[in-house]
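No experiment lies behind these values; they were computed from the predicted model shown.
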Amino acid sequence: MKNNSFSRGLITLALGTALTGLATSCNKDLEQTPKFEPTPDKVYVSLAAYKSVLGKLYGGFALTSLGGADGGSDILGIDGGTGNYLRQLWSAQELTTDEAVVAWNDPGIQDWHNMNWDANNPLLRGLYNRAYYEISLCNELIRESSDDKLASRLPANDVAEAKRFRAEARFLRAVSYMHVIDLFGGGPFVTEANAVGVAAPPYNTRQQLYTYVESELLALKAELAPTRSNEFGRVDQAAASGLLARLYLNAGVYTGTPQYGKAATEAQAVINGGYTLVTQASSASSAYGRNFLADNNLAPAANEIIWSILLDATRTTTYGGTTFLVNGSTNGASAGWQRYVGQTTGWGGMRTTRALFNKFFLLGADTTVDRRGRFWTAGQTLEINDQSQFTQGLGVTKYRNINSDGSVIVGSRNFSSVDFPMLRLSDMMLIYAEAAARGAAARPTALEYVNKIRRRAFGLDINASSAAADITDAQMTTDFILDERARELHWEAQRRTDLVRHGKFTSAAYLWPWKGGVAPGRSVDEFRNLFPLPTSDLTANPNLKQNPGY
């Protein structure tokens with residue numbers, strides 16, 4: 001069992017019932033009318049109670065409810081396994097691209113890679129509802145953490161820490177709003193200032209949501225804990241800069257006005273914050289691979305990961321999260337494959353296409369040299385003639401449910417203890433490099449960042465030049481950076497966003513197997529750069545506006 005200092009306790013949800021039925025234990029006779037409702041004044045009674053609700057907010061990305069893997073779901077219309085926030089975010093970002101296909105035939109799931117989704121797709125609706133459910137939970141904690149309420153409820157020496165919780169809730173809300181911006185464009189807009197359930201929320205455009213998220217993150221750079229001073233799994237000022245770097249990197253898509261210089265500035269702030277690339281291999285993996293093992297909450301991986309979604313095989317059981325990535329991308333018929341990734345239940349779902357595999361053969365690299373490309377080939381074919389056949393397409397063994405020393409995790413091996421990195425140092429270095437390739441940052445600095453990442457990938461000293469790994473300034477083009485991001489960040493829920501930014505998600509400029517639902521790949525209509533708002537929400541809220549094309 002992992003022993004992270006924050007969510008390992010809180011996401012067990014011993015206190016996490018603060019929003020859903022705190023008073024249940026007071027009713028010995030369940031047929032009696034409850035003597036009181038779990039009103040805020042009975043929930044937010046101590047700093048520990050505030051922190052337990054904060055744990056629920058962080059857990060919203062990892063879990064679907066308080067009931068564990070076999071419990072229900074906090075949102076209706078999608079089951080508790082499928083409706084996991086991270087699972088659906090990953091699917092929208094990866095299954096729609098060259099990096100992943102899926103064998104299953106659940107309603108709506110093949111629409112991802114075939115790029116033929118519509119406003120009634122149940123998985124899109126689940127992702128949309130999950131994002132807004134998270135926003136509503138964050139609004140509640142923020143609402144109950146106003147200065148006057150904190151002063152009336154808590155001792156003076158606890159107020160400053162509770163304000164820190166409020167800042168973290170604002171950050172998590174900004175994350176979900178950024179997902180709305182990226183995936184759906186505009187959408188409903190609600191904050192702690194809105195009364196709950198009184199009126200249909202107004203619609204905000206993509207530009208309006210962008211401006212709001214930017215202002216929140218800029219303010220939070222001063223209100224969150226100083227960089228690298230918070231508990232692992234909780235965000236700090238570096239996380240605010242990291243998310244701003246992502247926002248600015250995609251500003252041209254979101255608003256029509258590129259902000260690559262600002263992206264470089266925020267990325268550099270993170271790079272200067274004391275994070276370090278993992279450079280030491282372990283008995284179980286390469287240096288790079290240590291970021292995706294079951295003990296990646298510990299150094300040295302914890303020194304590269306800026307913020308991650310915390311998961312534990314015993315305390316945060318879920319069929320989403322990295323359980324979905326470890327089990328879902330493994331064939332239950334292959335005992336060797338299962339042992340390698342550290343689990344006992346293969347679901348036979350996700351594989352990758354030759355488009356990703358081939359990226360590891362550029363510039364003389366190959367998967368025996370570039371340690372980042374780890375594919376399971378036994379019993380698999382490189383070519384995919386039928387997406388529903390799991391043996392077609394290569395397995396990706398990036399996420400492995402074992403510890404750095406090769407030991408298996410304590411607890412059920414049907415669930416994963418691999419924390420999912422939401423922000424990593426190498427991502428910030430590549431953001432800076434892309435800004436430089438676009439003329440908005442220093443090219444010599446950017447080139448050194450790229451080559452450090454590549455030297456690490458080749459198992460070399462990151463501070464010593466290498467003819468085998470290094471690229472030249474002339475090779476550092478935007479196309480190269482896009483491919484390098486695929487090599488470094490594949491299966492980290494960023495690929496769709498990257499392809500959209502480079503104009504290659506829907507166009508014929510870049511094709512991959514089964515793009516658009518045909519074997520050789522084809523272009524699709526440009527409107528699919530955005531997903532539709534769900535029909536169910538459009539029906540319920542007349543203020544909303546559907547995206548063009550749907």
Side-chain angles (χ1 to χ4, degrees), residues 227-228 238-239 241-250 258-280 286-292 300-307 359-360 362-365 369-373 421-490 492 494-495 497-498 501-502:
T227 295
R228 295 185 57 76
S241 286
L243 200 61
L244 269 171
R246 289 246 189 101
L247 185 73
Y248 288 139
L249 182 68
N250 294 288
Q259 298 287 0
Y260 295 114
K262 289 183 178 180
T265 297
E266 296 299 336
Q268 189 64 60
V270 179
I271 294 166
N272 293 342
Y275 295 95
T276 55
L277 293 177
V278 180
T279 57
Q280 183 178 2
S286 66
Y288 170 81
R290 294 183 74 165
N291 287 296
F292 311 100
N303 297 329
E304 178 171 339
I305 297 171
I306 301 156
W307 172 46
K359 284 178 175 36
F360 289 91
L362 296 176
L363 300 172
V369 176
D370 189 330
R371 272 73 170 172
R372 298 170 298 183
M422 294 289 279
L423 293 166
R424 281 201 298 124
L425 175 61
S426 59
D427 181 19
M428 298 298 110
M429 297 166 78
L430 289 172
I431 288 174
Y432 187 96
E434 183 170 334
R438 296 181 184 274
R443 289 187 68 93
T445 301
L447 185 62
E448 185 60 20
Y449 289 159
V450 171
N451 284 335
K452 282 185 176 183
I453 290 170
R454 289 182 57 77
R455 292 167 198 160
R456 192 260 297 267
F458 283 53
L460 304 171
D461 181 349
I462 66 169
N463 294 311
S465 61
S466 165
D470 289 6
I471 64 167
T472 65
D473 180 81
Q475 289 173 311
M476 194 176 67
T477 64
T478 55
D479 281 345
F480 177 86
I481 296 299
L482 177 62
D483 284 347
E484 191 66 18
R485 286 182 66 84
R487 288 185 282 270
E488 178 70 20
L489 302 170
H490 64 280
E492 293 186 53
Q494 298 196 55
R495 185 58 170 169
T497 302
D498 288 346
R501 185 175 65 256
H502 286 259

**Within-4.5 Å side-chain heavy-atom neighbours: Leu244 and Gln259** = no
**Message:** How long is the straight-line distance from CG of Leu460 back to OG1 of Thr279, given to the nearest 0.5 Å?
**Reply:** 12.0 Å
**Asked** What distance do Asn250 atom CG and Ile431 atom CD1 have between them, rounded to the nearest 0.5 Å?
**Response** 8.0 Å
**Item:** Lys/Arg N to Asp/Glu carboxylate O, Asp498 vs Arg495, below 4.0 Å
**Value:** no
**Asked** Can you tell me how far CG of Asn451 sits from CG of Leu447, rounded to the nearest 0.5 angstrom?
**Response** 4.5 Å
**Complete:** Residues Ala435 and Ala264: closest non-hydrogen pair is CB-CB, 3.8 Å
**Prompt:** Just wondering, do Arg485 and Glu434 contact through their side chains at under 4.5 Å, heavy atoms?
**Reply:** yes
**Fill in**
The reported gap from OG1 in Thr497 to CG in Leu489 (rounded to nearest 0.5 angstrom) is 11.5 Å
**Item:** Interatomic spacing from CG in Leu430 to CD1 in Ile453 - rounded to 0.5 Å
**Value:** 3.5 Å
**Prompt:** Quick one: do Arg454 and Glu484 make a salt bridge, cutoff under 4.0 Å?
**Reply:** yes
**Message:** Looking at every non-hydrogen atom in both residues, tell me the closest pair between Ala245 and Met428 and how far apart they are.
**Reply:** CB-SD, 4.1 Å
**Request:** Check the pair Glu492, Arg424 against side chain to side chain contact (heavy atoms under 4.5 Å, CB included), reporting the backbone distance first and the verdict last.
**Result:** CA-CA 10 Å; Glu492 293 186 53; Arg424 281 201 298 124; 2.8 Å; yes
**Asked** Would you say the side-chain atoms of Arg371 pair up with the backbone N or O of Val369, donor to acceptor, closer than 3.5 Å?
**Response** yes
**Request:** Report yes if some heavy atom in the side chain of Val278 is under 4.5 Å from a heavy atom in the side chain of Asn303; otherwise report no.
**Result:** no
**Request:** Indicate whether any N or O donor in one side chain lies under 3.5 Å from an N or O acceptor in the other, for Arg246 and Gln494.
**Result:** yes
**Request:** Answer yes or no: is there a side-chain heavy-atom contact under 4.5 Å between Met422 and Ile305?
**Result:** no
**Message:** Treating Arg372 as the side-chain partner and Tyr288 as the backbone partner, does any N or O pair qualify as donor plus acceptor under 3.5 Å?
**Reply:** no
**Message:** For Phe458 versus Ala469, what's the shortest heavy-atom pair and its separation?
**Reply:** CG-CB, 3.8 Å
**Asked** Looking only at heavy atoms, which two atoms of Ile462 and Glu448 are closest? And how far apart?
**Response** O-OE2, 4.3 Å
**Asked** When you measure from the centre of the six-membered ring of Tyr248, is the NZ or CZ of Arg501 under 6.0 Å away and within 45° of the axis?
**Response** no
**Request:** For the residue pair Arg290 and Gln280, establish whether any side-chain heavy-atom pair is separated by less than 4.5 Å.
**Result:** yes
**Item:** Spacing of Ser241 atom OG and Leu247 atom CG [to the nearest 0.5 Å]
**Value:** 12.0 Å
**Message:** Could you check whether any side-chain heavy atom of Glu488 comes within less than 4.5 Å of a side-chain heavy atom of Met429, counting everything from C-beta outward?
**Reply:** no
**Asked** Where is the tightest heavy-atom contact between Ala446 and Ala436, given as atom of each residue plus distance?
**Response** CB-CB, 3.4 Å
**Request:** Answer yes or no: is there an ion pair linking Glu266 with Lys262, defined by an N-O contact shorter than 4.0 Å?
**Result:** no
Hey, can you pull the donor-acceptor pairs under 3.5 Å for the side chains in residues 270-277, sequence neighbours left out?
residue: Asn272; atom: OD1; partner: Gln268; partner atom: NE2; Å: 2.9
residue: Asn272; atom: ND2; partner: Gln268; partner atom: O; Å: 3.3

**Asked** Are Asn463 and Arg455 close enough that a side-chain donor and a side-chain acceptor fall under 3.5 Å?
**Response** no
**Side chains of Arg456 and Lys452 in contact at under 4.5 Å (non-hydrogen atoms)** = no
**Prompt:** Which atom names give the shortest non-hydrogen contact between Ala457 and Asp370, and what distance separates them?
**Reply:** CB-OD1, 3.4 Å
**Message:** Less than 4.5 Å apart, side chain to side chain, heavy atoms only: is that true for Val450 and Ile481?
**Reply:** yes
